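This report concerns only the one structure given below.
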Amino acid sequence: MIKSALLITYPIKHIADEAKSLAESAGYSVIRTVTQKHLTRSKFGIGKGKADDVSQLAKSLDIEFVVFDEVLKPTQQYNLAKLCETDIIDREKLILEIFRLRSNTEESRIQIKLAELHYEAIRIKEKVRLSKRGEQPGFFGLGKYDADVHLLDIKRRISILRKKLLREEKRKLLQRTSRARSGFPTASIIGYTSVGKTTLFNLLTGESKLVGIELFTTLSTSSRVVNIDGNKIMFSDTVGFISKLPAYMIDAFKSTLQELIFSNVILLILDISQSYEMIKKQLSSSFTVLIHLGVSMGKIIYVLNKMDLVNPEEAMEKCKQLGILNEGNNNFVMISSKTGLNINVLLNTICSKIFVDTMKADNN
Ligand SMILES: Nc1nc2c(ncn2[C@@H]2O[C@H](COP(=O)(O)OP(=O)(O)OP(=O)(O)O)[C@@H](O)[C@H]2O)c(=O)[nH]1
Ligand SMILES: [Mg+2]
């Protein structure tokens, strides 16, 4: 079912493009895009004049949803919904909707449910807060008593799901411990959504996991052991990152991402065919997640993927600008997961990082 949408985003190409891809990945058909420099104004996110324009447009084009490319506070979302007489899908909700569409394992379903309940709880808390101050009676169609009961119910459901996830984490920990005992070093493939993580995983492992131009094709981790010149290494493909991912969503995916903390090497994939601004955004979003999880930066190998789409000089220039080149130039590799370019160089870099660096650490 196609849902017609009006998209409100920033007047910056790479941001607007990403917002449109996100909306489409969630099943919306973007009929019209409205851009604004500021999307964090207090009442509607956008200014009142622009909000009126959007409302008119939505009505005249008979649009069902307004997709708003920022995380909105519940009151802003409510004000805009009332003015436009449509549902408002903010960035957070959009990501949740995509995750829900793609979740295909029991674990990812629990993770999504948890994130959705969190989203709902924040909105109900806001309702309770406002009704205590005597404002906005009937906010979101709920009375104060109903809201309190609903909130209690959500808290109860959250705690049940957390316990389920915890059991899953413990199970994974056991798996990891047995893997550690079997002695395989591990390399995790991470990075912004759609940079080509699964394409690389498939190439390295001979797997045929789903690859796609849409955002968030992969939602659960896959791992596979590969024999490289007699050395066995376990590779893991992971869920992609995106900018403005709320911390609670990273937490919801913790059991999936925890793999990273235990990895010997982190392959941080960047799509070098993107603009410098976009790559910078990919990089800082990846850092945010790694820091949140407490992963050591020393384990990173920067993998610049999609080299078949750019020339080497341009790629080098972007790396310099990004500041990811080190003196020995041994922490980055330029590859193409599509053509296989430089995959051997990547494998050598991984092996030397795992085996040489580990030996160095052992000797110290
Ligand atoms: N030209 C080119 N395209 C590539 C390369 N690697 C991946 N792609 C394409 O990029 C798109 C995304 O690839 P995926 O492997 O699904 O990316 P991902 O990082 O796993 O994405 P998510 O799981 O959605 O986060 C697909 O259309 C791939 O065919 C490459 O080296 N060159
Ligand atoms: Mg993937």
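Since we're looking at a predicted model, the values are computed, not measured.
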Open item on the list: Could you work out, with ring pair (Phe, Tyr, Trp, His ring centres under 6.0 Å) as the rule, every residue matching Tyr28, not counting sequence neighbours?
Closed with: Phe65
Consider only side-chain N and O atoms of [X] and [Y], and report whether a donor and an acceptor are under 3.5 Å apart.
X      : Y      : answer
Lys59  : Ser55  : yes
Gln77  : Arg123 : yes
Ser220 : Arg109 : no
Tyr10  : Glu70  : yes
Asp237 : Thr198 : yes
Thr288 : Ser285 : no

What's the shortest heavy-atom distance between [X] and [Y], and which atoms?
X      : Y      : result
Asp271 : Ser273 : OD1-OG, 2.6 Å
Leu219 : Ser103 : CD1-N, 3.6 Å
Ser194 : Glu214 : OG-O, 3.7 Å

Task: Heavy-atom donor-acceptor pair, Asn305 side chain to Ser337 backbone, under 3.5 Å - done: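 Yes, because the side chain of Asn305 sits within donor-acceptor range (under 3.5 Å) of the backbone of Ser337.
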Open item on the list: Under a 3.5 Å distance rule, please check whether Gln76 uses its side chain to pair with a backbone N or O of Val71 as donor and acceptor.
Closed with: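 No, Gln76 side chain to Val71 backbone: no donor-acceptor pair under 3.5 Å.
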Open item on the list: Checking Lys113 against Glu116 for the salt bridge (charged side-chain N to carboxylate O under 4.0 Å, His left out) test, could you report, in this order, the C-alpha distance in whole Å, the side-chain angles of both residues, the deciding distance, and whether it holds?
Closed with: CA-CA 5 Å; Lys113 195 69 224 162; Glu116 281 175 346; 3.5 Å; yes
Open item on the list: Would you say that more than 12 heavy atoms from the other residues, nucleotides or ligands in this model lie under 6.0 Å from the CZ of Arg32, or not?
Closed with: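 Not buried by this count: 12 neighbours or fewer within 6.0 Å.
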TODO: Using a strict cut-off of less than 4.0 Å between a Lys/Arg side-chain nitrogen and an Asp/Glu carboxylate oxygen, indicate whether Asp17 and Lys20 qualify as a salt bridge.
DONE: no
Open item on the list: Tell me whether Glu277 is salt-bridged to Lys281, with the criterion being a basic N under 4.0 Å from an acidic carboxylate O.
Closed with: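 Here Glu277 does not pair with Lys281 in a salt bridge, since their nearest N and O are not under 4.0 Å apart.
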- [ ] Examine Phe201 together with Phe235 and report whether their ring centres are nearer than 6.0 Å.
- [x] no
- [ ] Apply side-chain hydrogen bond (donor to acceptor under 3.5 Å, both in side chains) to Lys318 and list each qualifying residue two or more places apart in sequence or on a separate chain.
- [x] Glu314
Open item on the list: Taking the side chain as everything from C-beta on, heavy atoms only, tell me whether Asn202 gets closer than 4.5 Å to Thr199.
Closed with: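 Asn202 does not reach Thr199 side chain to side chain.
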